[in-house]
Protein chains: 4
Amino acid sequence: MAFEIRILPGSAAPIFRQIVDQVRLAATTGQLRSGEQLPSVRALAERLLINPNTVARAYSELASDGVIESQPGRGAFVSASRQIYTRPERLRRIEPLVNALITEGLSLGFAVEELTDAIRARAAQVRGKQS
Amino acid sequence: MAFEIRILPGSAAPIFRQIVDQVRLAATTGQLRSGEQLPSVRALAERLLINPNTVARAYSELASDGVIESQPGRGAFVSASRQIYTRPERLRRIEPLVNALITEGLSLGFAVEELTDAIRARAAQVRGKQS
Amino acid sequence: MAFEIRILPGSAAPIFRQIVDQVRLAATTGQLRSGEQLPSVRALAERLLINPNTVARAYSELASDGVIESQPGRGAFVSASRQIYTRPERLRRIEPLVNALITEGLSLGFAVEELTDAIRARAAQVRGKQS
Amino acid sequence: MAFEIRILPGSAAPIFRQIVDQVRLAATTGQLRSGEQLPSVRALAERLLINPNTVARAYSELASDGVIESQPGRGAFVSASRQIYTRPERLRRIEPLVNALITEGLSLGFAVEELTDAIRARAAQVRGKQS
DNA sequence: GTGGTCTAGACCACG
DNA sequence: GTGGTCTAGACCACC
């Protein structure tokens, strides 16, 4: 598997959130294929040197979001990809992040073009990892 | 004053952060002019039905960010706008918001162009409030 | 750790400011190394016999100044040192202290050379603590 | 009189402190001569557009410091200049300002030479006003 | 255990 | 009246 979950120790984001985000993104971009098996809670916790509860919480959130399916005793598997949110719901979910970027960005003195450029650059980076 | 601070009770953002963000954005877009006086700590607390300490904390953060100047015994006033952070620091501060938008946006199934369009649209809205 | 925060009860400086200044200076001189963990909010409050909120406020200011990074649930750690303010902003921040020293110093009858000597002597002392 | 007290409205220093400092400095540098009469409390308050209580407080502090002598009904006069503090006392009084400048200056990334240069430059400015 | 936020209420300096 | 500081005590999210 080319896909490796990584925890950034200096990050402000909580560890369980980092795991959730990485798996969700990988599943969306195709880095993780539908049906693929994730490492077990215990194995991942050991590899990342973190508390198993933290991994369990991440998997639980992923399962309730429909990204993975946990089959007790067998493991966790990537779900068949599907749009789970309607377009209005997706807009509702992205809006606060757009607002935060605008507020912080303009206050820091960035031009709108600099922000959109940064988005494109970062997106290219992320997509580049796609296998 | 056309400018009114509003607290959204259901918001994930803490109250003091909502105040800071609204004042910063208003100062950036020119809705609040340099030299203009803000409502007093106690007055704003009363209007928003929150504790004066919460407002004081917001004002204190705005002062250390150079957005306002607090003059004990006199009041709080909007500063002349200036760039206080170095470019690397500004990039460092905007980066997590760019990452969050990309991660969440792509996971939700948005195309990169949809995200940059949303940024531009929201920025135009915000700038439109400028008096 | 050779580094010990101390509160001077008779000092004009507020408690949270004394903490901020001591940590900032220690981080600058290398007495506190990048990555090093600070005492927890509660532990330091207990040791200094002050309210945890006061320590929390000091840590929060240090974090927004880029001196430390607070990781909820993990602790507070010294950041890699970096220049976060533009040169005009740095001058703006040092100016009132220069003015205060000049005004008070000359009024007390010190010659300018005596003041610069005192600066150099004190700086040497401070740097000497470097490990 | 070449000497004019000026209040900087944007300054963080309290108004009474600004008055005290300017008078003390002027008396030390000879801009105000021994025996010279100061404006009356009411007159100064009117000219500076501030509360008479504030001027009265400044004069009272100056009088208790021996810089001026208030003669009820006649006005306030600059005292004969004299060293009122012993050298150890003068050092004791200047020390916290030296420490503050070092702490803030080094934390901001200034070199010691930059600080002493700033002191010299500012002192030259102040002395230049001398009549 | 960790840090973060909020409330309530007190006291101070300044104008 | 203004803002600034501190205490006490509560609740939350995260590990």
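Computed from heavy atoms alone, side chains included, the values below leave out hydrogens, waters and symmetry copies. By convention in this document, chain letters (A, B, ...) are assigned in the order of the sequence lines, proteins followed by strands, and residues within each chain are numbered from 1.
If you take CG of B:Leu48 and P of E:dT7, they are 10 Å apart, rounded to a whole angstrom. What separates CG of D:Leu44 from C1' of E:dG15 is a distance of 15 Å, to the nearest Å. One interatomic measurement links the two molecules: CD of B:Glu61 to C1' of E:dT5, which rounds to 13 Å at whole-angstrom precision. In this entry the distance linking CD1 of C:Ile15 with C1' of E:dC11 reads 13 Å, nearest Å. Remark: P of E:dT7 and CZ of B:Arg42 are 16 Å apart, rounded to the nearest angstrom. Going from atom CD1 of C:Ile7 over to atom C1' of F:dC6 covers 13 Å, rounded to whole Å. Taking atom CZ on C:Phe77 and atom P on E:dT2, their separation rounds to 11 Å, with Å as the unit. Atom C1' of nucleotide F:dG3 and atom CG of B:Leu62 are separated by 14 Å, given to the nearest angstrom.
For the pair A:Asp65/A:Val20, no side-chain contact is recorded, criterion being any heavy-atom separation below 4.5 Å from C-beta on. Within the 4.5 Å cutoff, the side chain of D:Val67 has no heavy atoms near those of the D:Thr28 side chain.
Side-chain atoms of B:Arg74 stay outside donor-acceptor range of the base of F:dG3, with no qualifying N/O pair under 3.5 Å. For a distance-only test at 3.5 Å, the side chain of C:Asn53 qualifies as a donor-acceptor partner of the base of F:dG9.
Taking for each of B:Pro72 and C:Pro52 the nucleotide of DNA chain F with the nearest heavy atom, the 5'-most of the two is the partner of B:Pro72. Both B:Ala13 and D:Pro14 sit near DNA chain E, but only B:Ala13 has its closest nucleotide nearer the 5' end. The residue among C:Gln71 and B:Arg17 whose nearest nucleotide of DNA chain E lies closer to the 5′ end is C:Gln71.
For the OP1/OP2 pair of E:dC6 and a distance below 4.0 Å, the side-chain nitrogens and oxygens of B:Arg57 include no atom meeting the criterion. Between C:Ser70 and E:dG3 there is no side-chain N or O to OP1 or OP2 distance below 4.0 Å. Between C:Thr54 and F:dT7, a side-chain N or O to OP1/OP2 separation shorter than 4.0 Å is present.
Salt bridge absent: D:Arg24 and D:Glu61 never bring a charged side-chain N and a carboxylate O closer than 4.0 Å. With respect to the salt-bridge test (charged N to carboxylate O, under 4.0 angstrom), the residues B:Arg82 and C:Glu89 qualify.
If you check E:dT7, E:dG15, F:dC6 against the side chain of C:Phe16, the one that comes closest is F:dC6.
Nearest heavy atom pair, residue C:Tyr85 against residue C:Arg90, reads O-CD, 3.4 Å.
Applying the Watson-Crick and G-U wobble criteria (two distances, each under 3.5 Å), E:dC14 pairs with F:dG1. E:dG9 and F:dC6 make up a base pair, with Watson-Crick or G-U wobble contacts both under 3.5 Å.
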